[in-house]
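Residue numbering restarts at 1 for every chain, and letters A, B, ... go by the order of the sequence lines.
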Amino acid sequence: MRKMLLAALSRVLQGPAAAARPAARVVVATRNYADFASEATFDIKKCDVHRLEEGPPITAVLTREEGLHYYKTMQTIRRMELKSDQLYKQKIIRGFCHLYDGQEACCVGLEAAIKSTDHLITAYRAHGYAFTRGTSVREILAELTGRRGGCAKGKGGSMHMYAKNFYGGNGIVGAQVPLGAGIALACKFFGKDEICLTLYGDGAANQGQIFETYNMAALWKLPCIFICENNRYGMGTSVERAAASTDYYKRGDFIPGIRVDGMDILCVREATKFAAEHCRSGKGPILMELQTYRYHGHSMSDPGISYRTREEIQEVRSKSDPITLLKDRLVNNNLSNIEELKEIDVEVRKEIEEAAQFATTDPEPPLEELGNHIYKNEPPFEVRGPSQWIKYKSVG
Amino acid sequence: VTVRDALNQALDEELERDERVFLLGEEVAQYDGAYKISRGLWKKYGDNRIIDTPISEMGFTGIAVGAAMAGLRPICEFMTFNFSMQAIDQVINSASKTLYMSAGMVPVPIVFRGPNGASAGVGAQHSQCFAAWYGHCPGLKVVSPWSSEDAKGLLKASVRDDNPVVMLENELMYGVPFELSEEAQSKDFLVPIGKAKIERPGTHVTLVSHSRSVGHCLEAAAVLAKEGVECEVVNLRTIRPMDVESIEASVVKTNHLVTVEGGWPQFGVGAEICARIMEGPAFNYLDAPAVRLTGADVPMPYAKILEENCLPQVKDIIFAVKKTLNI
């Protein structure tokens, strides 16, 4: 039916057969373009602000292209984290594994508002960021399974993944915050208009070194966006039990702050654009609190239900899931449809399966490389093993 | 040239050579440095290169490490290394381990420097030696200058090194003048990290030391020479990576070993040297067990007589040499 219609359309547009035809052609559209809108405008939640005259906009424009990209990215992260859960339970992933499912709108929304030349650092719940900052799912999963094809060649593990302009993956709670301000100091020095996004959780927000950093960042007007991913629990301690003030966006005191709905990717994106503009204009640091939620426990060794109820988790899943929210927006505003999104789901599933296949079959790093990467730009030397007779060669 | 001026020259030369190098710490700029090491530098290089920080060790150390990860080459000054304990997580977990964890992707070219060890009458909280603490950690380089040549060459080498370097200076050495050779006055003079120096050749006993104790060893050697005992004095210069080969070569020659340091005895630099000598070829050349001279195993007291007796003195070195040589 469609083919006939389009054929008829093109005949009509070709004009009378006898006349000299101009060179213009009708582009015969694919099914998608003919059916969908190219963009839509959405109302987003107004952000609470601290020490700011105005906040981010309360509407956002989402193009079809953006929507599909965000959907695919979030879905990839979701499925990647669920696959990690599976692999961990099969004991193919060891040690610590802190999963990000539920928080996808944060990392994808942030990335959508900044450039690849900007910098980002976070704590240990970092798989989502490793992905949005350019590491492939393959390399992430292979790092989790400790294989040579991992993004850190199997030497880092879950908490120590790095990429260009992505400084990890940091295991010590709060330590990444001064590091991020230091990166911002370098940005200011090099003068290329770059900024640094420095993330931490609601648990870390009570660390002293963060307040030391707020002070110096404000004093020196560092182009640093401090971002508190408030998922309501620092391990098993709820925010009410950990913080005398849970208004994390105000904790920067003299640093202006915004509180953002971290489950709405458009809210995150618009707030981040606003914050990035603030930093780039030389006004100094700004603080964003993203209110979000993690479905899993703190890590894979935490079932996550001794300090919160299953009902609470279920409620967030059914009412505020970031992927569902985006999906509903796309479908209800004719930016996409269920079939197209299902196709994306299938693609994503396939990609994750292939990556998992790689991650479980790639060999472990060679023992001979145990001593490598102690020093950079150093002539090769020997590193001591467990006894004086066991030595490993070290090359940078 | 005093050690202080040698350090000042080194800082000046390296700041001039590479615009990514900068100095941060408490009082380094407008105060000209708590110990005047950075005198004149703020006037010359300005706020962007010489940065006064608030009293926030953990914060500013982390900032320095982050700046190094992002392409700058910071020199992070601790007013004394005692305060580095507040920031030690950033030095070890953020700086020294990152190259390894990232499989080579993220280098951290930073220098942490400042006075280390005992001073004069500053009390227990301000007198600790951190050579063993930092020397313990893979990924770090740890240097400990004694003379002006050491100070200048090692600081320059540390700044140019692409790895995190902890430079343990000594406050009591800052004012001590040394001859600076023609070579040492050149702008590209470097002392290689990881190589010890024989300050005084000898044949009867090897004295291995670092920092201020090297001077005491030389004094003891002068006294012992009058009695016909020739000491070979080895100035470690670098704690990590330690130049064990030089120590071994010396022990093979002299057959006797005495280590001298200011730090506490347990798990210290001397303990490491003894263990390494046991594992290597030099063990078979020892005619007596290796001996360690260290700081006393107590927090540093204040009263002069007590403090003096908490560090190895020249007389203690002489006594130990005679004991080990059985004379």
**Request:** Check each atom of B:Glu57 against the heavy atoms of chain A and say whether the ones under 4.5 Å are side chain, backbone, both or neither.
**Result:** backbone

**Item:** Over 12 non-hydrogen atoms of neighbours within 6.0 angstrom of CD1 in B:Ile198
**Value:** yes

**Asked** Which atom pair, heavy atoms only, marks the closest approach of B:Ser102 to A:Tyr162?
**Response** CB-CD1, 3.3 Å

**Request:** For residues B:Gly71 and A:Phe190, report the shortest heavy-atom separation together with the two atoms involved.
**Result:** O-CZ, 3.7 Å

**Complete:** When every non-hydrogen atom of B:Asn163 is compared with those of A:Ile374, the smallest separation belongs to OD1-O, 4.3 Å

**Item:** Full working for side chain to side chain contact (heavy atoms under 4.5 Å, CB included) between B:Met58 and A:Glu212
**Value:** CA-CA 8 Å; B:Met58 203 163 177; A:Glu212 292 186 12; 3.8 Å; yes

**Message:** I'd like to know if the side chain of A:Tyr375 and the backbone of B:Pro164 have a donor-acceptor N/O pair within less than 3.5 Å.
**Reply:** no

**Item:** Where B:Ala67 and A:Leu185 come nearest, the two heavy atoms and their spacing
**Value:** CB-CD2, 4.2 Å

**Prompt:** Which bit of B:Lys141 is near chain A, if near means a heavy-atom gap under 4.5 Å: side chain, backbone, both or neither?
**Reply:** both

**Message:** Other residues, nucleotides and ligands only: do more than 12 of their heavy atoms fall within 6.0 Å of CD on A:Gln388?
**Reply:** yes

**Item:** Top of A:Glu143, A:Lys376, A:Lys153, A:Glu369 for chain B proximity - count of heavy-atom pairs under 4.5 angstrom
**Value:** A:Lys376

**Message:** Is B:Phe60 in contact with chain A via its backbone, its side chain, both, or neither, using a 4.5 Å heavy-atom distance?
**Reply:** both

**Prompt:** Looking only at heavy atoms, what is the nearest atom pair of B:Ser56 and A:Met216, with distance?
**Reply:** CB-CE, 3.7 Å

**Exceeds 12 heavy-atom contacts within 6.0 angstrom, atom NZ of B:Lys43** = no

**Prompt:** Is the count of non-hydrogen atoms from other residues, nucleotides or ligands lying under 6.0 Å from B:Asn48 atom CG greater than 12?
**Reply:** no

**Item:** Interface moiety of B:Val106 toward chain A, non-hydrogen atoms closer than 4.5 Å
**Value:** side chain

**Fill in**
Residue from A:Gly180, A:Gly154, A:Gly182 scoring the most non-hydrogen pairs under 4.5 Å with chain B is A:Gly182

**Prompt:** In terms of heavy-atom proximity below 4.5 Å to chain B, should A:Ala217 be classed as side chain, backbone, both, or neither?
**Reply:** neither

**Request:** Please state whether the side chain, the backbone, both or neither of A:Asn372 comes within less than 4.5 Å of a heavy atom of chain B.
**Result:** backbone

**Prompt:** Which one, A:Val383, A:Leu222, A:Leu370, leads in non-hydrogen pairs under 4.5 Å with chain B?
**Reply:** A:Leu370

**Message:** Taking atom CZ as the centre, does A:Phe254 end up with more than 12 heavy-atom neighbours from other residues, nucleotides or ligands that are less than 6.0 angstrom away?
**Reply:** yes

**Message:** Looking at chain B, which one of A:Lys164, A:Glu378, A:Met159, A:Gln176 has the largest number of heavy-atom pairs inside 4.5 Å, strictly under?
**Reply:** A:Glu378

**Atom OH of B:Tyr285: over 12 foreign heavy atoms under 6.0 Å** = no

**Prompt:** More than 12 heavy atoms of other residues, nucleotides or ligands under 6.0 Å from CZ of B:Arg49: is that the case?
**Reply:** yes

**Fill in**
dist B:Thr98:OG1 -> A:His160:NE2 (nearest 0.5 Å) comes out at 8.5 Å

**Fill in**
Residues B:Glu19 and A:Phe189: closest non-hydrogen pair is O-CZ, 3.1 Å

**Prompt:** With no hydrogens and no angle check, is any side-chain donor or acceptor of B:Gln90 less than 3.5 Å from a backbone partner on A:Ala175?
**Reply:** yes

**Message:** When you compare the side chain of A:Leu219 with that of B:Pro54, does any pair of heavy atoms fall below 4.5 Å?
**Reply:** yes

**Request:** Below 4.5 Å from any heavy atom of chain A, which atoms of B:Thr53 appear? Answer side chain, backbone, both or neither.
**Result:** both

**Message:** If we define contacts as heavy-atom pairs under 4.5 Å, which of A:Phe381, A:Trp220, A:Trp389 has the most with chain B?
**Reply:** A:Trp220

**Request:** Go through the atoms of B:Ile55 and report whether side chain, backbone, both or neither lie under 4.5 Å from a heavy atom of chain A.
**Result:** neither

**Item:** Contact leader toward chain B among A:Ile172, A:Ile210, A:Leu179, where contacts are heavy-atom pairs under 4.5 Å
**Value:** A:Leu179

**Asked** Around A:Arg384, counting heavy atoms of other residues, nucleotides and ligands shown, do more than 12 lie under 6.0 Å from its CZ?
**Response** yes

**Prompt:** Is it the side chain or the backbone of A:Cys151 that comes within 4.5 Å of chain B heavy atoms, both, or neither?
**Reply:** backbone

**Asked** Top residue by heavy-atom pair count (under 4.5 Å) with chain A, among B:Ala103, B:Ser96, B:Gly59, B:Ala68?
**Response** B:Ala103

**Item:** Part of B:Met69 lying under 4.5 Å from any heavy atom of chain A
**Value:** both

